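Since this is a predicted model, take the numbers as computed values, not measurements. For the numbers below, each heavy atom of this structure counts, side chains included, while hydrogens, waters and symmetry mates do not.
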Amino acid sequence: KYSIRGQSELSTGEVPRGESGLNKEYAFRYSNSLFEPLVLFIPNFYGGSSRQRLSTSSNLGDALRSQGVPPNQIAEQTKSVPTYWGDQPGSAPYYAGAITIFLFVLGLIIMDGRQKWWWLILVIFGIMLSWGKSFPEFNYFLFDNLPGYNKFRSVTFAIIIPIFCMIPLGFQALEKLLNEGLSKSNQKKLIIAVSLTGGFELISALFAGMGSYVGGIDFRLSSAGYPVWFIQAIRADRESLLRMDAFRSMTFILLTVGLIWLIIKKTLNEKLALAGIIVLVMLDMFLVGRRYLNGDNFQRSPERTFFTQTEADKLIKTDRDNHYRVLYLLDPFNDARTSYHHRSIGGYHGAKMRRYQDLIEHHLQDEIQEAITKLRNRDGNFNSLGVLNMLDARYFMAGSAKGEVVGNEAANGSAWFVQQVKKVSTPDEEIRDLGNANTKMVAIVNTRNFDVHDEEGYFTGGTIDLVQNNPNHLIYNINAAGNAFAVFSEIYYPIGWSATIDGEEAEIIQTNYILRGLEIPEGEHTVEFKYEPKSYTIGNMIMWISNIVLLLILLGAVLWEFKNLKTQTQQVS
């Protein structure tokens, strides 16, 4: 409930205060267009994947060659081409298989009873769900009224429902046809199924030239400076991909029909022919699958390639402090590589904390742009970046070279004392006042939820040293010159975390909207934060008890068998 699926606390957010779930734009960002489910039948109907390998003899390869581009550069340029021209930000086809679709259509024609209509209804229902924002009247109604549906994202996944439903009906149809043989009625139905599916493939291939093949990515390519001939060549390749896949799918359908015909006519051994159909199904799926999962995707050691330390990583790691964070400036909230090597400000998670997402939308995005502007202007004064500083963003990284790393001396560190606690009474005030606060001197606390005692003000003199920094256990040595309020650059989470001062439990105060704060008495103290959720503790105890019981049962069973064996031996003797 504390994730972006939970209730919103802000009146200014995209989800109204008190309501839970995702906002519609985020939930339906990945939605099939009305004709996009046809990729179930023809995987390259919309160009295939967002990035797809093309042959060096493709239209793009020929266009590059005609421009005098060297062969090695052509091979590199055609390795990852934006062939997808649908409406989604990125995609790969959900392919059901040409044979599966053919058998499903045959099932709708040849099967009796109501069962086939239930399968068809589920197929249509799944396709309608996958349309998302392309069919807002239906999907927005479900989003607003179906319990739990507003927690899910990427509705294109609903296309798995049609895939699942097509398979059993299709193979029931095959079984029925093989058992009954080619009566006049069944022969007619088989011809209709072949005509509908194979005919659609043939029409798609013959009339492929009528498509526009203009995608949203084309405008981005044009804006990035790619010439018209380059984009036109990609569009020609999109047409070729559709045509080739249409002929390909039709071939698999005809081969399958041929094997079925040979079985029924008893020209070929039934088991051998059925094995042939199985091989065709597997080959169909395998050949499409290896377009997206091939040898390039399987490596023994990813650390040697994608996760290899760059010169920038090595430079940052020379800092031996046990607490600092790195901000990757290029795409901070869709990047995971930085988190592999460093404690990162960014990263991506589909169920991140709502309060952290609020912080991104209200402050971090603006401060990141401000940081980029400062770096471009060679301005190294980052004191104005109060939110990034309280997150201890000590390094800004803009690339992989040493020169693309900039240190931030204004970062607040792992923990610090503040002079003043500014009291607010709503989450809106918390997030608003945070943007105007000097986070080194002022802490924002919602006093409706947490008590603070600062009638005489807080002392800022003293030291805070982080001596142990484990994800679930942090220890600080603190020397406070007087009664103090310490802010810790760690995310506040209400479940499982506890704090102690010299072994005595202390209340963790949610500070600066997302961080932790503690009131510290004068003198030297040891502060510990521990993450010990009851769910884990109880679950672990149940697991151990269950293991012990299982071992005792096993031991008892072994002893019982020995006892029975001994008794039988004595009776025989």
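Between the Ser134 side chain and the Asn32 main chain, a donor and an acceptor come within less than 3.5 Å of each other. Listed for the Asp218 side chain is a donor-acceptor partner under 3.5 Å among the backbone atoms of Gly215. The backbone N or O of Pro521 lies less than 3.5 Å from no partner atom in the side chain of Asn483, so there is not a single donor-acceptor pair. Panel note: side chain Ser154, backbone Tyr30; no donor-acceptor pair is recorded below 3.5 Å. For the pair Glu9 (side chain) and Pro427 (backbone), a donor-acceptor distance under 3.5 Å is absent. Asn446 contributes a side-chain N or O that, together with a main-chain N or O of Arg448, makes up a donor-acceptor pair within less than 3.5 Å. A donor-acceptor pair is defined here as one N or O able to donate and one able to accept, closer than 3.5 Å; no such pair exists between the side chain of Glu370 and the backbone of Asp366. For Thr439 (side chain) and Val387 (main-chain N/O), no donor-acceptor pair under 3.5 Å exists by modelled atom type. In this structure, the side chain of Lys440 engages the main chain of Ala410 through a donor-acceptor pair within 3.5 Å. A donor-acceptor pair is defined here as one N or O able to donate and one able to accept, closer than 3.5 Å; no such pair exists between the side chain of Ser49 and the backbone of Gln52.
Considering every non-hydrogen atom in both Ile464 and Phe417, the closest pair reads CG1-CZ, 3.6 Å. The two residues Val405 and Leu315 make their nearest non-hydrogen contact at CB-CD2, 4.0 Å. The minimum heavy-atom distance linking Pro89 with Arg29 is given by the pair CD-O, 3.5 Å. Nearest heavy-atom pair, Tyr95 versus Pro43, reported as atom, atom and distance to 0.1 Å: CE1-CD, 3.4 Å. Shortest non-hydrogen contact noted between Tyr476 and Val467 is N-CG2, 4.4 Å. Closest heavy-atom contact between Ala393 and Asn408: O-ND2, 2.8 Å.
A cation-pi contact, defined as under 6.0 Å to the ring centre and within 45° of the axis, is absent between Arg337 and Tyr328.
Heavy atoms of other residues, nucleotides or ligands lying less than 6.0 angstrom from OH of Tyr348 number more than 12. Residue Lys317 qualifies as enclosed at atom NZ: its count of foreign heavy atoms under 6.0 Å is above 12. Annotation for Phe138: atom CZ counts as buried by contact number, over 12 foreign heavy atoms lying within 6.0 Å. Counting heavy atoms of neighbouring residues, nucleotides and ligands inside a 6.0 Å radius, atom CD of Glu25 exceeds 12 of them.
With respect to Arg343 and Asp392, no salt bridge is recorded, no charged nitrogen being found less than 4.0 Å from a carboxylate O.
To the nearest 0.5 angstrom, Ile509 atom CD1 is 13.0 Å from Leu515 atom CG. Leu327 CG to Glu367 CD: the interatomic distance, rounded to the nearest 0.5 Å, is 10.0 Å. To the nearest 0.5 Å, atom CG of residue Leu434 and atom NZ of residue Lys422 are 10.5 Å apart. Once rounded to the nearest 0.5 Å, the distance linking CD1 of Ile234 with OG1 of Thr83 reads 8.5 Å. To the nearest 0.5 Å, the span separating CE on Met353 from CD1 on Ile514 amounts to 8.0 Å. From Gln7, atom CD reaches atom OH of Tyr2 across 10.5 Å, with rounding to the nearest 0.5 Å.
Below 30°, between 30° and 60°, or above 60°: for Phe307 and Tyr340 the angle between ring planes is below 30°, a parallel geometry. Ring orientation note: the planes of Phe135 and Trp131 are nearly perpendicular, at an angle over 60° on the 30°/60° scale.
Taking the six-membered ring for Trp and the full ring otherwise, the centers of Phe382 and Phe396 sit less than 6.0 Å from each other.
Identified under the side chain to side chain donor-acceptor pair (under 3.5 Å) test for residues 486-498, with sequence neighbours left out: His323-Glu490, Arg325-Ser489.
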- Message: With ring pair (Phe, Tyr, Trp, His ring centres under 6.0 Å) as the criterion, how do Phe157 and Phe152 come out once you've worked through the C-alpha distance, each side chain's angles and the decisive distance to 0.1 Å?
- Response: CA-CA 10 Å; Phe157 284 129; Phe152 293 93; over 10 Å; no

- Task: Could you check Glu430 against Arg355 for salt bridge (Lys or Arg N to Asp or Glu O under 4.0 Å), going step by step and ending with a plain yes or no?
- Result: CA-CA 11 Å; Glu430 286 182 75; Arg355 282 208 166 212; 3.3 Å; yes

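In this structure Tyr140 satisfies the ring-ring contact (aromatic ring centres under 6.0 Å, His included) test together with Phe28, sequence neighbours excluded.
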